Amino acid sequence: MDITGRKLFVRALLEEGVDTIFGYPGGMVTDVMDELYKQEEIRLILPRHEQALVHEADAYARTTGKVGVCLVTSGPGATNLVTGLATANYDSVPLVCFTGQVARHLIGNDAFQEVDIVGITRSITKYGVTVRNREDLGRIVKEAFYIARTGRPGPVLIDITKNVTAETCEYVAEEPEPVEQQTDTIREEDIETALEMIRNAQKPFIFVGGGAVLANASEELRTLAHRIQAPVADSLMGKGAFDGTDEMYTGMVGMHGTKTSNYGITECDLLIVAGARFSDRVTGNAAKFAQNAKILQIDVDPAEINKNIRTHASIIGDLRVVLRRLNARLDPINHDEWVNHVERMKDMYPLR
């Protein structure tokens, strides 16, 4: 069965389970907007500006765990997404943003409202591509959602020429490719090294980042912290991954953090870093960060290892899976003296 690109676009979204799209009309996406108007399964939210739109999609993704979806026109509509894409990229938020583009034969001619939005956003997206041929649209939409969701989540930008939404081509329904936890990078020797470091530590401390939220690793973090009696601090992005009322919690770390968290990281002899990227707002002077500690970093993104802070050991893979494997092989470890010291610091240095 042959259908237009705009009809396929809507069907592809439905196949991906999209129930909400944040869109703003414009010349290059008017026909797609018309197609969205004809159906009732996907709710279209209309803001007053594209920049508000992309931040709304970002918030939707953070609060629902689904992929946030945007639709805007070419030129200024597309460039108004840039700040939101950068935010999603640095905070690892899954977005798929669709931008309209001028017709194929006009690309490169400085046509009305033509910009190279893929080139502009290349450094702040996981993937970006301009769809020039109608037969590629279905495959690229599937790839976009898969890339946005898998590994370290992030934003994807798909630029669609005006021809593609108007032209017809055969439609073949496809099931979304399942997203699986990344486990093939978890090496047994890395697990063994981590276990040895944890067992030998006298003053362990856990630093939790946004990756723990994305991995849904809250229960595993709580188990580890109590099993090895390790105080826990978090970054702003890591908030919510560990219970803020738990006795092991010391507050945020870094320039906006508590004295207890910062002193704890300074004094600890093992820092377990769970899904955090060592932002400069956390580390301050990187040369002096956690000087007394061996650092064990766990992250799904290998690019984060040794990027800002040199580690002594690391494990690459889905945080929830890694923590489950560690917890399964750890017996309870007593660090009462260390925990009591941290508790005294909480009393000495409360937030006022």
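A quick note: this is a predicted structure, and the numbers were derived from the prediction, not measured.
When all heavy atoms of Pro231 and Pro204 are compared, the closest pair comes out as CD-O, 3.2 Å. Minimum heavy-atom separation, Ala215 to Leu319: CB-CB, 4.0 Å. Shown here for Val93 and Ala61, the closest heavy-atom pair between the two residues is CG1-CB, 3.6 Å. Pairing each heavy atom of Val208 with each of Ile206, the nearest pair is CG2-CG2, 3.9 Å. When all heavy atoms are compared, the tightest approach of Leu221 to Ala212 is CD1-CB, 3.7 Å. For Leu296 against Ala194, the heavy-atom pair with the smallest separation is CD2-CB, 3.6 Å.
A side chain to side chain contact (heavy atoms under 4.5 Å, CB included) with Ile272 is found for exactly one of Val232, Ile295, Ile228, namely Ile228.
Residues Glu35 and Lys7 are paired through a salt bridge, judged by an N-O separation under 4.0 Å between the basic side chain and the carboxylate. Between Lys239 and Asp234 there is a salt bridge, with a side-chain nitrogen of the basic residue lying less than 4.0 Å from a carboxylate oxygen of the acidic one. A salt bridge links Arg329 with Glu192; the closest basic N to acidic carboxylate O contact falls under 4.0 Å. Taking 4.0 Å as the cut-off between side-chain N and carboxylate O, Asp347 and Arg344 do not count as a salt-bridged pair. Between Arg62 and Asp58 there is a salt bridge, with a side-chain nitrogen of the basic residue lying less than 4.0 Å from a carboxylate oxygen of the acidic one.
The shortest distance between side-chain heavy atoms of Ser74 and Glu114 does not fall below 4.5 Å. Under the 4.5 Å side-chain criterion, counting only non-hydrogen atoms from C-beta, Arg134 is in contact with Ile3. At least one side-chain heavy atom of Trp338 sits less than 4.5 Å from a side-chain heavy atom of Cys268. Taking 4.5 Å as the limit, some side-chain heavy atom of Tyr24 sits within range of a side-chain heavy atom of Leu46. Using a 4.5 Å cut-off on side-chain heavy atoms (C-beta onward), Val69 and Thr20 make no contact. Side-chain atoms of Thr87 and Asp91, non-hydrogen and from C-beta on, do get closer than 4.5 Å to each other. Phe98 is not listed as a side-chain neighbour of Val32, based on a closest heavy-atom distance of 4.5 Å or more.
Judged by distance alone, with hydrogens and angles left aside, the side-chain atoms of Asn308 form a donor-acceptor pair with the main-chain N or O of Arg277 at under 3.5 Å. Judged purely by atom type and a 3.5 angstrom limit, Asn306 uses its side chain to pair as donor or acceptor with the backbone of Thr311. At distances below 3.5 Å, not a single donor-acceptor pair connects side-chain atoms of Thr283 with backbone N or O atoms of Ala286. Between the side chain of Asp299 and the backbone N or O of Gly275, no donor-acceptor pair lies under 3.5 Å. Formation of a donor-acceptor pair under 3.5 Å by the Ser314 side chain with backbone atoms of Gln297 is not found in this model.
If you check the side chains of Thr223 and Asn327, you find no donor sitting under 3.5 Å from an acceptor. Under 3.5 Å, the side chains of Thr161 and Arg104 contain no donor-acceptor pair of N or O atoms. Under the 3.5 Å distance criterion, with hydrogens and angles disregarded, no donor-acceptor pair is assigned to the side chains of Glu267 and Asn292. With hydrogens and angles left out, the side-chain atoms of Asp246 and His226 include a donor and acceptor closer than 3.5 Å. A donor and an acceptor atom, one from each side chain of Gln202 and Asp269, are nowhere located under 3.5 Å apart.
At most 12 non-hydrogen atoms from other residues, nucleotides or ligands lie less than 6.0 angstrom from CD of Glu337. Counting heavy atoms of neighbouring residues, nucleotides and ligands inside a 6.0 Å radius, atom NZ of Lys142 exceeds 12 of them. Other residues, nucleotides and ligands place no more than 12 heavy atoms under 6.0 Å from the CZ atom of Arg132. The environment of CD in Glu196 is sparse: at most 12 heavy-atom neighbours from other residues, nucleotides or ligands sit within 6.0 Å. The neighbour count for Arg139 CZ, taken as heavy atoms of other residues, nucleotides or ligands under 6.0 Å away, is above 12. Other residues, nucleotides and ligands place more than 12 heavy atoms under 6.0 Å from the CG atom of Asp336. Atom CZ of Arg310 is surrounded by 12 or fewer heavy atoms from other residues, nucleotides or ligands within 6.0 Å.
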Starting from the C-alpha separation in whole Å, work towards a yes-or-no answer on side chain to side chain contact (heavy atoms under 4.5 Å, CB included) for Leu326 and Leu195. CA-CA 7 Å; Leu326 292 174; Leu195 290 168; 3.8 Å; yes
Apply side chain to side chain contact (heavy atoms under 4.5 Å, CB included) to Thr83 and His55, showing your working. CA-CA 9 Å; Thr83 300; His55 288 303; 4.2 Å; yes
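Aromatic ring pairs are classed by plane angle as parallel below 30°, tilted from 30° to 60° and perpendicular above 60°; the pair Phe278 and Phe289 is perpendicular.
Linking ILVMFWY residues whenever their side-chain heavy atoms come closer than 4.5 Å, directly or via other members, places Ile191 and Leu330 in the same cluster. Both Ile42 and Leu8 belong to a single network of hydrophobic side chains, linked directly or stepwise wherever heavy atoms of I, L, V, M, F, W or Y lie under 4.5 Å apart.
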